[in-house]
**Student:** 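To start, I am sharing the structure in question, which I have written as structure tokens.
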Amino acid sequence: MTAATNFSKQTTQYDDVSLPDVERRQLTVLKNGLPMAAPADPKEAAELAQLVASMEGMYGRGKFCQDGESEEACLDIE
């Protein structure tokens with residue numbers, strides 16, 4: 001996450017450079033594709049990574065159950 005944030009920040013140096021459309025789109029995707037930026041402080045970045053992993057794990061275990069259904073009849077959230 002920290003590396004992706006750093007790469008995303010580095011793309012700004014090419015904002016005023018004339019580039020082919022394909023490369024401009026790639027830089028735009030890199031710049032705008034982050035769901036969240038990692039903090040500059042390594043401790044805070046590690047905490048964020050731990051929180052995101054924990055949240056993804058909770059989401060992955062989530063189930064949808066209609067009233068009165070047994071556990072086996074429940075559906076994964078995905």
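Owing to the predicted nature of the structure, the values given are computational and were not obtained by experimental measurement.
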**Student:** Indicate the atoms forming the closest heavy-atom contact of A38 with A45, along with that distance.
**Tutor:** CB-CB, 4.4 Å
**Student:** To the nearest 0.5 Å, tell me how far L48 CG sits from D41 CG.
**Tutor:** 11.5 Å
**Student:** Would a 4.5 Å heavy-atom cut-off, applied to side chains only, mark K63 and D76 as touching?
**Tutor:** yes
**Student:** Under a single-linkage definition using a 4.5 Å side-chain heavy-atom cutoff for Ile, Leu, Val, Met, Phe, Trp and Tyr, are V17 and L27 assigned to the same hydrophobic cluster?
**Tutor:** yes
**Student:** Enter the distance from Q10:CD to T5:OG1 here, rounded to the nearest 0.5 Å.
**Tutor:** 11.0 Å
**Student:** Name all residues meeting the salt bridge (Lys or Arg N to Asp or Glu O under 4.0 Å) criterion together with D15; count only those two or more places apart in sequence or in a different chain, and write none if there are none.
**Tutor:** K31
**Student:** Does CD in Q13 sit with more than 12 non-hydrogen atoms of other residues, nucleotides or ligands closer than 6.0 Å?
**Tutor:** yes
**Student:** What is the minimum heavy-atom distance between T12 and K9, and which atoms define it?
**Tutor:** OG1-O, 2.8 Å
**Student:** Under a single-linkage rule joining Ile, Leu, Val, Met, Phe, Trp and Tyr whose side-chain heavy atoms are separated by less than 4.5 Å, which residues share a cluster with F7?
**Tutor:** L30
**Student:** Does E23 CD have over 12 foreign heavy atoms under 6.0 Å away?
**Tutor:** yes
**Student:** I'd like to know if the side chain of S8 and the backbone of A4 have a donor-acceptor N/O pair within less than 3.5 Å.
**Tutor:** no
